[in-house]
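Please read the structure below before turning to the comments.
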Amino acid sequence: MFSNKDITHFANIETPFYYYDLTLLQNTLNACAQAAKVYNFHVHYAMKANFNPMVLEKIKSTGFGADCVSGGEVKKAIEIGFDRNKVVFAGVGKSDKEINDALDQDIFCFNVESIQELGVINELAAKRAKKARVAIRINPNVDAHTHHNITTGLDENKFGINSWDLSDCAETLKQCAQLEFIGIHFHIGSQITNLDVYKNLCVRVNEFAAWFEERGFLVKVLNVGGGLGIDYHNPDQQIPDFEAYFKIFNDFLEVRSNQEVHFELGRALVGQSSSLISKVLYVKNGKKKNFIILDAGMTELMRPALYQAYHKIENLTRQGVTDTSVKYDVVGPICESTDCFGKEVELPETSRGDLIALRSTGAYGEVMASHYNLRENVNVAYSE
Ligand code: PLP
C-alpha cells in the first residue's frame, strides 16, 4: 500500500522505474540478522537476487556475507567491500578465469558442483601455490515443492554432485593436495513457502554430514543454501518469518559443537522492498479481452515471461476505488506474446496515463532487465 505522498512523488519520475523502499529493506535485513544471531547462524546474501549498489551497500553494512554465482559477482562483492572471508562462490560452470580470480581474492570457499571441477580448482590452485577451501555442493534429491523452473535439488537438475558420485568425490578430495575440504553445501530451489521442505532437507544434510565424517572428513561447514519464499499475493505483509525459518534448522539439523551453519538467502531479504512502477500507454477494449498496455515490459521485469511468476498489479491512480469489475490482460510493449504480466486481472476501470505498480519486484527484477528490442536502461528511485 503506497501513501498519497508516495504516489504524488511517483508522478514526477520518468516511468518505468524500480522503486526501492530502503527503510523496509533495512527492517527486513535487521529482522533476518536478529533471528540468525539467536542460533549463531551465518548468512550470505545471494547477490544474484539483486545487485543494485544501494541495496548491496545496506546488506554489506548489516554484516552479511556474499553468495556469488559468477566471477562478476565475486568481483562486485569485493569491490563493494564485503568481507572476503564471507564470500562463497557456487555455479556449475566456473571458468578457469573465474576460479583464478577468486583464488587471487582468497575467498572463503568454492561451492564445488562436479568432480571435474574439483580437479580443475586443484590444478589452478597448485599453479598459484595456494590452497583452496572447498565445500561439496550435494544434490540431495529433495523436492522443494516450488515452480519446476526454480527447483534445483532433484536428480534431474544440473546442480551439485549426486549421491551416487560421492564415493568418487571423496577419493578425488583425498588426492587433491591443494584443496581444503571444509564442508557440504545444498540449495534445493527458490520461492519455497512450505517450511516442511526444509525439514526434509535437514534430514538429508544430517545423513550426508555423517557420511563424510565416517570417511574421515572434518565437516566444519553445513551450508543449507537459501530459497525462503515471500508472499507475492500479500506484498504489504512484508517481512518474512525468519524466526520460524531458522528455528526449523535449529530443531532438525544435528549440529556438532565445532560446526557452523551457513545460509544463502536472496529473495526473502530483498523481494518485498521494491515495486516496478509503470504508466498505462493504451487501453484496448476488445470483444473477448481488454488489454492494458504498459510502458514496462519483459525487458524490465522478466519473471512472468520466464517462469509464469505472479506479481500483484495495482492501479495507483485509482487507489481507493473499490469497484474492480473490469478484467484486463496487463501486457508490455515488447514484440513477444509472452510479454504479459497478468491475465484477467481485476482492476478499477483504467485509463491512459494511470500509474500501475507491479509489486514485490525486489528479487530477480532489476537484475534481469535486458536491452531486448533496444530498450533503454530502466530507471531507479529510492525512498530516502
Ligand atoms: N544459493 C544459490 C546457489 C542459488 O543459486 C540461489 C538462487 O537460486 C540462492 C542461493 C538464493 O535463492 P533465493 O533467492 O531463493 O533465496
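Just the heavy atoms: all of them, side chains too, but no hydrogens, waters or symmetry mates, feed the values below. One is the number of the first residue; the rest follow in order along the sequence. For ligands, and for the atoms within them, numbers begin at 1 and follow the listed sequence.
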_Geometry only, no angles: is Leu265 polar-contacting ligand 1 at N/O separations under 3.5 Å?_
no

*Could you tell me the residue and atom name of the protein heavy atom closest to atom 15 (O) of ligand 1, and the distance to it rounded to 0.1 Å?*
Ser190 OG, 2.3 Å

*asked:* For the 3.5 Å polar cut-off, considering only N or O atoms, please tell me whether Gly227 and ligand 1 meet it.
replied: yes

*Checking Arg133 side chain against Ile107 main chain: does a donor-acceptor pair fall under 3.5 Å?*
yes

*Considering only the protein, which heavy-atom contact is closest to atom 1 (N) of ligand 1, and what is its distance?*
Glu264 OE1, 2.7 Å

*Going through the checks in order, is the side chain to side chain contact (heavy atoms under 4.5 Å, CB included) test met by Arg375 and Ser370?*
CA-CA 7 Å; Arg375 299 274 290 173; Ser370 80; over 6 Å; no

*Minimum heavy-atom distance between Pro140 and Leu201, given as atom pair plus value*: CG-CD1, 4.1 Å

*At what distance is the nearest protein heavy atom to atom 9 (C) of ligand 1, and which residue and atom is it?*
His187 CE1, 3.3 Å

*Can you find a non-hydrogen atom of Tyr364 under 4.0 Å from ligand 1?*
yes

*Applying a 4.0 Å heavy-atom criterion (strictly less than), which segment of Ala46 is in contact with ligand 1: side chain, backbone, both, or neither?*
side chain

*For Gly266, take its heavy atoms, then give the atoms of ligand 1 lying under 4.0 Å from any of them.*
13 (P), 14 (O), 16 (O)

*Test ring-ring contact (aromatic ring centres under 6.0 Å, His included) applied to Phe252 - qualifying residues, sequence neighbours left out*: none

*Which pair of non-hydrogen atoms, one from Ile121 and one from Leu179, has the smallest distance, and what is that distance?*
CG2-CD2, 3.8 Å

*Could you see which bit of Asp67 sits under 4.0 Å from ligand 1, with heavy atoms only: side chain, backbone, both or neither?*
side chain

*asked:* Are any of the N/O atoms on Arg137, whether in the backbone or the side chain, positioned under 3.5 angstrom from an N/O atom of ligand 1?
replied: no

*Who pairs with Ser61 by side chain to side chain contact (heavy atoms under 4.5 Å, CB included), at least two apart in sequence or on another chain?*
Glu57

*What do you reckon, are the aromatic ring centroids of Phe2 and Phe10 less than 6.0 Å apart?*
yes

*Among all protein non-hydrogen atoms, which one is nearest to atom 7 (C) of ligand 1, and what is the separation to 0.1 Å?*
Lys48 NZ, 2.9 Å

*asked:* If we set the cut-off at 4.0 Å for heavy atoms, which region of Arg267 has an atom near ligand 1: side chain, backbone, both, or neither?
replied: both

*With heavy atoms under 4.0 Å as the rule, classify the contact between Glu113 and ligand 1 as side chain, backbone, both or neither.*
neither

*asked:* Aromatic contact between Phe246 and Tyr39, with the criterion being ring centroids under 6.0 Å apart: yes or no?
replied: no

_Are His311 and Phe341 an aromatic pair, judged by ring center distance below 6.0 Å?_
no

_Is there a polar contact, in the sense of an N or O pair closer than 3.5 Å, between His185 and ligand 1?_
no

